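Written below as structure tokens is the structure these notes are about.
Predicted, not measured: the structure shown is a model, and the values here were computed from it.
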Amino acid sequence: MTHNVGLREAADSLGISLSSRDLAELQDALELELQSIRVFDDAWPAIELLRASGMRIGVCSNLAGPYCRAVRRLLPGLDAYALSAECGAMKPDPVIYRSVCTMLGVEAGRLLDPEQRRVFMVGDSRKCDEHGPRVCGIMGVHLDRSGTRRFSDLVEFSKSISS
């Protein structure tokens with residue numbers, strides 16, 4: 001997930017031999033999967049709330065190369081896209097968090113400095129979206145859609161930081 005390659009290149013790098021037929025079947029299955037991906041219903045309302053508050057918004061995600069195009073199609077017009085296949089680093093590597101901050105024009109490391117603009121990251125992995133960003137001074141927040149933690153949806157999170 002740190003190389004922006006397609007199926008043929010991935011198979012070659014792993015020493016997997018694919019016939020043209022097998023590759024075509026895999027490519028068809030991948031295209032079906034890419035077309036089936038949807039954003040959560042709360043994503044756009046949350047983005048609109050944050051934008052109305054003047055916040056810049058980016059996505060930081062561990063993705064194989066072919067999925068990067070799908071994310072850009074589903075979430076067009078964001079201020080930053082730090083996608084592991086494009087950045088060459090995966091969460092929780094600090095490189096990917098610093099990359100998204102650079103794209104957003106903000107400085108990581110301002111977690112405790114109320115004078116500076118703060119950087120928040122929200123996601124469903126405690127390791128990658130809560131703990132990993134905090135190492136870089138980013139306020140990482142775990143989104144638990146089961147409702148057992150503080151935030152269970154993106155709109156709730158957005159309201160809490162934009163008010």
Task: Exercise: identify the closest heavy-atom pair between Val100 and Ala80 - done: CG2-CB, 4.0 Å
Side-chain donor-acceptor pairs under 3.5 Å in residues 11-18, sequence neighbours left out?
{"from": "Ser13", "atom 1": "OG", "to": "Glu9", "atom 2": "O", "distance (Å)": "3.4"}
{"from": "Ser13", "atom 1": "OG", "to": "Ala10", "atom 2": "O", "distance (Å)": "2.9"}

Task: Any residue meeting side chain to side chain donor-acceptor pair (under 3.5 Å) with Glu48, in chain and number order, not counting sequence neighbours - done: none
Open item on the list: If you count heavy atoms of other groups shown closer than 6.0 angstrom to NE2 of His3, is the number above 12?
Closed with: no
Open item on the list: Side-chain heavy atoms nearer than 4.5 Å, only ILVMFWY residues, links allowed to pass through others: does that put Trp44 and Leu49 together?
Closed with: no
Open item on the list: So which atom in Cys101 and which in Val119 form the shortest heavy-atom distance, rounded to 0.1 Å?
Closed with: SG-CG1, 4.0 Å
TODO: Over all heavy atoms of both residues, which pair between Cys87 and Ser99 is shortest? Give the atoms and the distance, please.
DONE: SG-OG, 3.5 Å
- [ ] Specify the closest pair of heavy atoms between Leu34 and Ala70, including all atoms of both residues, with the distance to one decimal.
- [x] CD2-CB, 4.1 Å
- [ ] Please check if Leu143 and Leu78 belong to a single hydrophobic cluster, counting links between Ile, Leu, Val, Met, Phe, Trp and Tyr side chain heavy atoms closer than 4.5 Å.
- [x] yes
Task: From Asp42, Asp153, Asp124, residue fulfilling salt bridge (charged side-chain N to carboxylate O under 4.0 Å, His left out) relative to Arg145 - done: Asp42
TODO: Looking only at non-hydrogen atoms, find the nearest pair between Pro92 and Lys127 and report the distance.
DONE: CG-CE, 3.9 Å
Open item on the list: Checking Ser152 now: which residues fulfil side chain to side chain contact (heavy atoms under 4.5 Å, CB included) with it, not counting sequence neighbours?
Closed with: Glu156
Open item on the list: Would you say that Glu130 contacts Arg134 through its side chain, given a criterion of any heavy-atom pair below 4.5 Å between the two side chains?
Closed with: yes
Open item on the list: For Asp144, is the CG atom crowded, meaning more than 12 foreign heavy atoms sit under 6.0 Å from it?
Closed with: yes
Task: Sequence neighbours excluded, every pair satisfying ring-ring contact (aromatic ring centres under 6.0 Å, His included) that has a member inside residues 45-97 - done: none
- [ ] For side-chain contact (heavy atoms from CB on, under 4.5 Å), just list the numbers for Ile47 and Leu75, CA-CA rounded to whole Å, side-chain angles, deciding distance to a tenth of an Å, and then say yes or no.
- [x] CA-CA 10 Å; Ile47 290 169; Leu75 297 168; 4.0 Å; yes
Task: Gln35 backbone acceptor or donor facing Arg38 side chain under 3.5 Å - done: yes
- [ ] Assess whether side-chain contact (heavy atoms from CB on, under 4.5 Å) is satisfied between Met90 and Ile96, documenting all intermediate values.
- [x] CA-CA 6 Å; Met90 286 177 52; Ile96 196 166; 5.9 Å; no
- [ ] With side-chain contact (heavy atoms from CB on, under 4.5 Å) as the test, would you mind laying out the steps for Met139 and Met121 before giving the verdict?
- [x] CA-CA 6 Å; Met139 185 62 188; Met121 178 161 181; over 6 Å; no
Task: salt bridge (Lys or Arg N to Asp or Glu O under 4.0 Å) partners of residues 83-98, not counting sequence neighbours, each pair once - done: Arg72-Glu86, Lys91-Asp129
Open item on the list: Quick check on the hydrophobic clustering: are Leu50 and Val59 connected, directly or via other members, by side-chain heavy-atom contacts under 4.5 Å?
Closed with: yes
Task: Sub-4.5 Å side-chain heavy-atom contact between Leu63 and Met1 - done: no
- [ ] Look at the side-chain heavy atoms of Ile, Leu, Val, Met, Phe, Trp and Tyr, link any pair under 4.5 Å apart, and say whether Val5 and Leu30 land in one connected group.
- [x] no
Task: Pairs meeting criterion ring-ring contact (aromatic ring centres under 6.0 Å, His included) with involvement of residues 133-163, two or more places apart - done: Phe151-Phe157
Task: Interatomic spacing from CZ in Arg73 to SG in Cys68 - rounded to 0.5 Å - done: 13.0 Å
Task: Nearest atoms (heavy-atom pairs only) where Cys136 meets Pro94 - done: SG-CB, 3.4 Å
Open item on the list: Membership question, hydrophobic clusters at under 4.5 Å side-chain separation (ILVMFWY): are Leu83 and Val39 in the same one?
Closed with: yes
Task: Check: Leu104 main-chain N/O paired with Arg56 side-chain donor or acceptor under 3.5 Å - done: yes
Task: Polar contact flag, side-chain donor to acceptor under 3.5 angstrom, Glu31-Gln27 - done: yes
Open item on the list: Keeping Ser158 on the side-chain end and Leu154 on the backbone end, is there a donor-acceptor pair under 3.5 Å?
Closed with: yes
